[in-house]
Structures are given as structure tokens and as C-alpha cells.
Amino acid sequence: MAQSDGQGAFSIQQFCKWAGIGRTLTYKEIECGKLRTKKVGRRTLITMDAARDWLAALPGGIG
């Protein structure tokens with residue numbers, strides 16, 4: 001589970017809820033290299049740092 005201090009990781013479902021976007025867009029962002037992931041067994045995880053980096057890189061200067 002993600003924590004506010006920069007530690008932890010999101011599942012795809014948790015990231016979608018946190019970011020307010022759908023699974024399709026999330027996977028598109030992963031495929032084009034804008035969102036970094038880690039694999040743990042069969043699970044795909046997104047670290048809090050990767051989520052914040054993705055958010056900061058969005059147009060409009062968010063983050």
C-alpha cells in the first residue's frame with residue numbers, strides 16, 4: 001500500500017484511484033515509458049516515487 005512519505009507502492013488499481021485515471025490510460029502511459037513499474041512475481045507495482053515523477057511530468061506544471 002502506498003504511503004505519503006514516498007515509500008511503498010501502488011497496484012494498478014490503487015494507482016488508478018490515486019491518479020483519477022482509468023486502467024486503459026494507465027497501461028498506455030506504461031507502454032510509452034512515461035510511467036515506470038516494477039514487477040514482483042506476476043504483480044505490476046508502481047512506486048510512489050514513480051507516481052510522483054509521472055504526475056510532475058504532466059503538461060500544465062502539476063507537481
Side-chain angles (χ1 to χ4, degrees):
M1 181 83 123
Q3 299 179 9
S4 61
D5 62 3
Q7 297 178 14
F10 294 112
S11 67
I12 296 293
Q13 181 180 6
Q14 291 167 329
F15 175 78
C16 290
K17 185 174 181 181
W18 177 85
I21 63 174
R23 289 174 54 93
T24 301
L25 180 55
T26 298
Y27 282 110
K28 284 182 182 179
E29 294 292 281
I30 292 167
E31 285 178 26
C32 71
K34 293 180 182 176
L35 181 59
R36 297 183 323 273
T37 62
K38 303 275 185 180
K39 291 293 281 188
V40 179
R42 292 175 48 177
R43 294 191 68 193
T44 300
L45 299 176
I46 301 164
T47 64
M48 180 57 83
D49 288 338
R52 286 188 179 137
D53 290 346
W54 171 82
L55 186 62
L58 290 175
I62 298 173

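Since the model is a prediction, treat every value here as computed from it, not as a measurement. These numbers come from the heavy atoms of this one structure, side chains and all, not from hydrogens, waters or symmetry mates. By convention here, the first residue in the shown sequence is residue 1.
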Which value, rounded to the nearest 0.5 Å, describes the distance between T37 atom OG1 and F10 atom CZ? 14.0 Å
Knowing that exactly one of D53, I46, L55 qualifies, which makes a side-chain contact (heavy atoms from CB on, under 4.5 Å) with L35? I46
Nearest atoms (heavy-atom pairs only) where R43 meets S11: NH2-CB, 3.6 Å
Heavy atoms of W18 and R52 approach each other most closely as CH2-N, 4.4 Å
Following the transitive rule for hydrophobic clusters with a side-chain heavy-atom cut-off under 4.5 Å over Ile, Leu, Val, Met, Phe, Trp and Tyr, establish whether L25 and L45 coincide in one cluster. no
Is any side-chain heavy atom of I12 less than 4.5 Å from a side-chain heavy atom of I30? yes
Does K39 form a side chain to side chain donor-acceptor pair (under 3.5 Å) with T44? I'd like the steps, not just the answer. CA-CA 5 Å; K39 291 293 281 188; T44 300; 3.1 Å; yes
Below 30° counts as parallel, above 60° as perpendicular, anything between as tilted: where do the rings of F15 and W54 land? perpendicular
